[in-house]
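Chain letters run A, B, ... following the sequence lines, proteins first and then strands; every chain starts at 1.
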Amino acid sequence: MMGHHAFNKRGVEELYWKNDTVRYCDEYLKQLGVDMDSVTYKEAPWMGGGNAGPCLEVVTGGLELATLVFMDLELTQNGGETNIEGQWYKKMDTYIVDTGYGLERFVWASKGTPTVYDAIFPEMIHELLTLAGREHPLETHREQLMDIARLSGVMKKKEIAKKLNMTPYFVKTVIEPIESVYAVADHTRCLAFMIADGIVPSNAKEGYLARLVIRRSFRMLKTLTIDTPLEELVISHIKLMRNSFPELEQYVDRISEILSLEKTRYEETLIKGERIAKQKLKEYRAIGKMPLDASINIYDTHGIPPEVVVEIASESGDGVAVDIPDDFYSQVAKMHAEEKKGEIDPVVVSQKERTKTLPKTLKLYYDKPTEIEFEATVLDTFDDFIVLDKTLFYPEGGGQPADTGVLTTFAGSAGTELRVEDVLSVDGVILHKVAGAANSIDKGALVRGKIDYQRRMAHARHHSATHIVLWAARSVLGGHVWQAGAQKGEDRSRIDITHFKRISREERSEIEMLANKMVMRDEVIGVHIEEKNEAEKKYGFCLYQGGVPASKEIRIVQIGAGEDVQACAGTHCSKTGEVGPIKLLRTERIQDGIERLWYSAGEAAVRAIQAREELIAKSAAVLRVPQEKLPATVERFFDEWKQLKKDNERLREELAELREGWLKGRAKTINGMNVIAEVLQDADTKGLLKIAAQLAEAEFLTILMSKQDNHVSVVSSVPAIHKTRISASVVVKRVCEVLGGGGGGTPEIAQGGGEKVANIEEALLAGLRVVEEESL
RNA sequence: GGGCUGGUAGAUCAGUUGGUAGAUCACUCGCUUGGCAUGCGAGAGGCCUCGGGUUCAAAUCCCGACCAGUCCA
């Protein structure tokens, strides 16, 4: 894809708009030798990402060669000038020309092959066909292929087959395989670029797209009966492109690792999926049909496509019908589409209105990063906000929280002191959010500002540490590691990085060590402003770990001789030594393909280490062992604890047996049943249950209780032969009522408890009374 | 960014309206057989992921954390 852009400012500067854009396009096509009589410009509305505008499709001979978009509208909250599909838009001050020329389409048009694939990568197509043991239909069925190519996009597949009189057999054996070959060739190229650009297969965002492409390729290779691993195909595609994209070859190892990992993951999912599908099918065996929402659920939560479920259903021979409508996937998509919503924050809008007329604030925190105090003039006050002509207060941005501090008026006026709680930057104007009435200070007044230096330094340490940790992670894990978000704090900070598997404990230690070595090297952290294009040329797009700034000139933060270079607006230490120790606290996986590293720097790191030390010291003190013996001791204790639990279980059984005999001797006869009602010492509910169950087998009805601390446990059992006369559950309920608790269970065995320990004798009598009355 | 599902023995999974934690395979030991395959029997193996809450009582219900899987934008 090629293109050109123009950013026009309404009333300031118009570079070019529709007429000129069309003229440029005409000239370009003419130079390429296109017959201009065949070119059509088709106008249509375009919208996307909250913007809209007219759009021209440039078509020749049925082929769309380019799209010219003229973006001049933006979505509004409350009414506007233009309504498109029920939403209101208004004109933007900056209106943009955005063009896209299909480079490959020109190649296709010039070569005259039936498909773009045969024009762009014929060698790859050939290789895949050879591997699949097939001939290209271009050689065997050239006419039909040309016809199909002409009609596809206009008609549905089935309609084409009908119109061209093709048998289903012909479609399945000749047409579908070549379609798969085209798709695989396209996917291998796509994957080469995606992975080289640092995209890691994942279950979210662009990584998910990568995974879809990968899995689709696996499926198609299987139907084509090609056994060659996908990574080998991607690599051979890279070799074919070596003249145009030599840089791709450096990613070969990573591509191999990622794709073979994805292969095993996919196979595991399939095996697991098959099991789940079989289980689900079993559930519907009685009905003989699996409802649609069930198959949607299987796909949505476990990723098993409905076609696979159908296949499994027919193999299993259970005779469960699975109904899959043609619009299955769009139903799934529709279901999810209803979940999203996004709105413009009205507070931000009102701030933007207010700051529009104010000049940009002079940023002293960049020029004098080590200073604490400054003097400035108040330009405006509104709500809780004060705007100054210049400031040392760093506003929230780039994952670095705002500075706090105080603003004081000079003695003579009221001598007010206002605490600055938050600082934000709106279009270059810095707003100081203060506690108390902002308008207590007059416009034009001179104020003295003082920032909280401890906080500022902690942020600076953590910010520099973030760059160092990222550099260390890239060094240890590989160049594919990219920052996916970060948040700095006073005590600890975090950085999210892309990586295709979990970070091991060894890797974590290695990153930590490397980061601290960088600190000890005490390298200079240099800051300079550079022209954007120049910087990109010099350092590459790795600059934009924290996002791409909009400005023409960017602020570059460089560590040492260029170990790490980033575009960054944060406040930093001047040398890596100032950062102090860096302690990696933990790693978590916030998404498949994204690892979050938590760390502390400087004093916070020392505190974190001390806190951990304290934990170990306390644990060791409890067990009365030296710290280094802790793991072995804990393991021994745990094993012993398990052993004791088992011994306890066994002893309980033995005790139950012994008590059985004693209890049998104390049985009474009630309505012809042998009844045992006793309070036992040193038994818990489990122990009582054992005894009760055994006595029930010997045809005794039992009511057993035991007292522990402030709680009474109650168990009752009824022998099977009496269970129609009386329910153990009823007995327990009555007994526990007296004890101020509750209980229940089955007619044969039940348990419960209560807290009124004093009522224990009364409860026992109540139990006996129930037995007497109920069992008549 | 949003949604859904799961976490129980070494593995794969059951676990009824909350009420004594189970099956199959694998493992150990015995029996069967000339030996193997097979068959029969017994045994061992569980902080039911973790932390709170509700309850007389939680694997089960509620909240949170961690881990894993999956879909959508």
Original post:
Do N203(A) and rU70(B) share a donor-acceptor pair, side chain to base, under 3.5 Å?
Top reply: yes

Original post:
If you look only at pairs with a residue in residues 755-770 of chain A, which of them pass as a side-chain hydrogen bond (donor to acceptor under 3.5 Å, both in side chains), with sequence neighbours excluded?
Top reply: none

Original post:
What does A693(A) touch in the nucleic acid at a heavy-atom separation under 4.0 angstrom: a base, only the sugar-phosphate, or nothing?
Top reply: base

Original post:
K646(A) side chain N/O closer than 4.0 Å to the phosphate oxygens (OP1, OP2) of rG45(B)?
Top reply: yes

Original post:
Does the side chain of S716(A) reach to within under 4.5 Å of the side chain of L704(A), using non-hydrogen atoms?
Top reply: no

**OP:** Between rU54(B) and rC47(B), how far apart are the P atoms? Round to whole Å, please.
**Re:** 27 Å

Original post:
rA68(B), rG69(B), rC47(B): which one has an atom nearest the side-chain heavy atoms of K642(A)?
Top reply: rC47(B)

**OP:** Considering just the side-chain nitrogens and oxygens of R589(A), establish if one lies under 4.0 Å of OP1 or OP2 belonging to rA68(B).
**Re:** yes

**OP:** Could you pull out all residues at least two apart from V548(A) that satisfy side chain to side chain contact (heavy atoms under 4.5 Å, CB included)?
**Re:** K532(A), Y544(A)

**OP:** Have a look at K645(A) and say if it touches a base, only the backbone sugar-phosphate, or nothing, with a 4.0 Å heavy-atom cut-off.
**Re:** nothing

**OP:** Verify the contact: side-chain N or O of R211(A) to OP1 or OP2 of rU70(B), cut-off strictly under 4.0 Å; return yes or no.
**Re:** yes

Original post:
Can you say whether the rings of F328(A) and Y299(A) are parallel (under 30°), tilted (30 to 60°) or perpendicular (over 60°)?
Top reply: perpendicular

Original post:
According to a strict under-4.0 Å criterion, is R652(A) in side-chain N/O contact with OP1 or OP2 of rU20(B)?
Top reply: no

Subject >> Pair partner, rU5(B) [Watson-Crick or wobble, under 3.5 Å] >> reply: rA68(B)

Subject >> Shortest side-chain distance from Q751(A), nucleotide among rA73(B), rG19(B), rC4(B) >> reply: rG19(B)

Original post:
Looking for any heavy atom pair under 4.0 Å, which part of the strands does G303(A) touch: base, sugar-phosphate only, or nothing?
Top reply: sugar-phosphate

**OP:** Ignoring backbone atoms, establish whether T269(A) has a side-chain N or O less than 4.0 Å from OP1 or OP2 of rU70(B).
**Re:** yes

Original post:
In whole Å, what separates the P atom of rA23(B) from that of rA42(B)?
Top reply: 11 Å

Original post:
Touch check for K756(A), heavy atoms < 4.0 angstrom, all strands: base, sugar-phosphate only, or nothing?
Top reply: nothing

**OP:** Using the P atoms only, state how far rG7(B) lies from rA59(B), rounded to an integer number of Å.
**Re:** 15 Å

**OP:** Would you tell me if any nitrogen or oxygen in the side chain of K205(A) comes within less than 4.0 Å of OP1 or OP2 on rG1(B)?
**Re:** yes

**OP:** Select base, sugar-phosphate, or nothing to describe what E268(A) touches, counting heavy atoms under 4.0 Å on all strands.
**Re:** nothing

Original post:
Just checking Y299(A): base, sugar-phosphate only, or nothing, at a heavy-atom cut-off of under 4.0 Å?
Top reply: sugar-phosphate

Original post:
Think R275(A) has a side-chain N or O under 4.0 angstrom from the OP1 or OP2 of rG69(B)?
Top reply: no

**OP:** Check every strand shown and say whether A204(A) touches a base, only sugar-phosphate, or nothing at a heavy-atom separation below 4.0 Å.
**Re:** base

Original post:
Considering every strand shown, what is the Watson-Crick or G-U wobble mate of rU24(B) when both distances are under 3.5 Å?
Top reply: rA11(B)

Original post:
Side-chain donor-acceptor pair under 3.5 Å between S713(A) and Q708(A), yes or no?
Top reply: yes

